[in-house]
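Report on the following structure.
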Amino acid sequence: MTEASVREFKMPDVGEGLTEAEILKWYVQPGDTVTDGQVVCEVETAKAAVELPIPYDGVVRELHFPEGTTVDVGTSIIAVDVSGGAAPAAQPEPEAAEAAAEPKPEGSGRQPVLVGYGVATSSTRRRPRKGPEVPLQQASSAIQTELNGHAPAAPAATVPAPAGVPAPAGADRPLAKPPVRKLAKDLGVDLTTVVPTGPDGIITREDVHAAVAAATAAPQATEAAPAPTPAPVAAPASYDTARETRVPVKGVRKATAAAMVGSAFTAPHVTEFVTVDVTRTMKLVEELKQDKEFAGLRVNPLLLIAKALLVAIKRNPEINASWDEAAQEIVVKHYVNLGIAAATPRGLIVPNIKDAHAKTLPQLAESLGELVATAREGRTSPAAMQGGTVTITNVGVFGVDTGTPILNPGESAILAVGAIKLQPWVHKGKVKPRQVTTLALSFDHRLVDGELGSKVLADVAAVLEQPKRLITWA
């Protein structure tokens, strides 16, 4: 083995503009044989946990950092001896693994990229941003619903394609190499929406990254939160002093903190409350559990609460909007990407159900189940947390009556759902035990006045009190 046969795999940029990632778990050890495309480790950034595949064949020579270490992007994390592998000896750098298939434009630089294979071109080839980068979509109140049904993933958001050569007419399937297809899947990018720039209409890694950059560059309601500052390379998960325990703030928790501070001090929050009798909704939940249309799905009150909010948005579409500070415009969205705040061991995240407004109740149940199961497993992709328009946070699962949630950055409203409890309630002129809950709606008072916010909250309450309105108002 010679030094020339050793390839150094560097920490890629596993998100738009991120500067560091923490190594959560190694799947290989020195002496193990690896193949092109094999996942060697899992890392966590401020946005999500991501698995990294190695871009060549060989034998692991050294792991440069132990688990739990935060590593800067561009730093080598693993050395692999490729002397007996498939990598050509004439290629001295790992970047060349893909360069042979995708010619490098003259004068362009190379830099580490997302998830493993090859490299991306320098920022000179990236589509210029149209506005400030918005921090990771985060919400203010912890939630973890009890949904865990097995269901297909929520549809990925369609992202604008980068400028380039159009795909060949009549192509049934986009042309892309397996590593590029895996990258697109990890990022939630639909390859049919990406315009290829490679030879013969082949979609390259740069095309996928440009599509993601274009999607995340859309104007949002709030200014970008400060980029996370690099953490100490070997910072422990937590450490004890004589009478205190200190936990370093990093990854998802750091991004959440920055997003919440930015939201709280950018958008003027107003919160309204309503207490409602949801006895009929709870009865409907039990009936739906027996319906064959929901076989294999987990049905609970959150499903009907989500549907009630969607109905209220349909009746009051101005609530589904954002504030464009740069253009001084209110952007009303004609689609609903419904965010569900989820508390995970790594912190609070807010994945969203794309085009939730267009889903039937069984389809919404499927998407909710998949969203929560994926979040619990720590596999939520960055794409799943981008583009949300309105959010639900269910603090009731913790026995809390209600709260005053902070807006998810870039959104104008968030609904908090309290615990559903049996309480004395005046029903048909008599005091009876009824299932009651308290709802709280926070909204951005720059674009949502008291009348609009009140109408939305009242409509949600009305649907939950009389769920037949899901039909009459739909």
Side-chain angles (χ1 to χ4, degrees), residues 1-89 91-99 109-120 122 179 182-183 186 205 209 227-239 247-252 254 346 378 382:
M1 178 181 65
T2 65
E3 292 300 322
S5 68
V6 176
R7 300 288 183 264
E8 296 287 346
F9 178 57
K10 299 177 181 179
M11 176 69 74
D13 178 0
V14 290
E16 283 300 307
L18 297 178
T19 61
E20 64 185 13
E22 178 185 352
I23 299 174
L24 295 178
K25 183 177 180 60
W26 283 109
Y27 296 120
V28 296
Q29 295 297 324
D32 290 351
T33 299
V34 293
T35 58
D36 187 356
Q38 178 179 338
V39 173
V40 295
C41 68
E42 180 182 22
V43 301
E44 181 188 27
T45 71
K47 295 188 176 182
V50 179
E51 292 181 333
L52 300 183
I54 199 78
Y56 29 70
D57 300 336
V59 178
V60 177
R61 180 180 180 185
E62 183 180 359
L63 306 180
H64 296 316
F65 299 96
E67 295 175 356
T69 302
T70 299
V71 181
D72 290 339
V73 168
T75 302
S76 179
I77 59 175
I78 180 174
V80 176
D81 176 18
V82 299
S83 58
Q91 298 175 342
E93 296 296 333
E95 286 85 346
E98 186 173 303
R110 306 292 282 180
Q111 63 185 21
V113 298
L114 176 64
V115 190
Y117 291 89
V119 293
S122 69
K182 184 180 187 307
L183 171 61
D186 291 340
R205 298 179 62 84
H209 283 294
T229 56
V233 170
S238 64
Y239 56 94
V247 180
V249 179
K250 56 185 177 180
V252 173
K254 178 185 286 188
R346 295 180 183 130

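Values below: all heavy atoms of this structure, side chains included; hydrogens, waters and symmetry mates excluded.
- Here the closest heavy-atom approach between residue Ser83 and residue Ser5 is recorded as CB-CB, 3.6 Å.
- Residues Cys41 and Trp26 come closest through the heavy atom pair CB-CE3, 3.5 Å.
- Remark: Tyr56 OH to Asp81 CG distance equals 11.0 Å, nearest 0.5 Å.
- Nearest heavy-atom pair across Thr33 and Gln38 is O-OE1, 3.7 Å.
- Residues Val71 and Met11 come closest through the heavy atom pair CB-CE, 4.0 Å.
- Distance check, rounded to the nearest 0.5 Å: CD1 of Ile23 to CG of Leu63 gives 8.5 Å.
- Rounding to the nearest 0.5 Å gives a distance of 11.5 Å between CZ of Arg7 and CD1 of Ile54.
- Here Thr70 contributes atom OG1 and Glu20 contributes atom CD; the two are 5.5 Å apart, rounded to the nearest 0.5 Å.
- Pairing each heavy atom of Ala79 with each of Val6, the nearest pair is CB-CG1, 3.8 Å.
- Atom OG1 of Thr75 and atom CZ of Phe65 lie 5.5 Å apart (nearest 0.5 Å).
- When all heavy atoms of His64 and Ile78 are compared, the closest pair comes out as CD2-N, 3.6 Å.
- Checking side-chain atoms of Asp57 against main-chain N and O of Asp36 turns up a donor-acceptor pair under 3.5 Å.
- In this structure, NZ on Lys10 lies 12.0 Å from CD1 on Ile77, to the nearest 0.5 angstrom.
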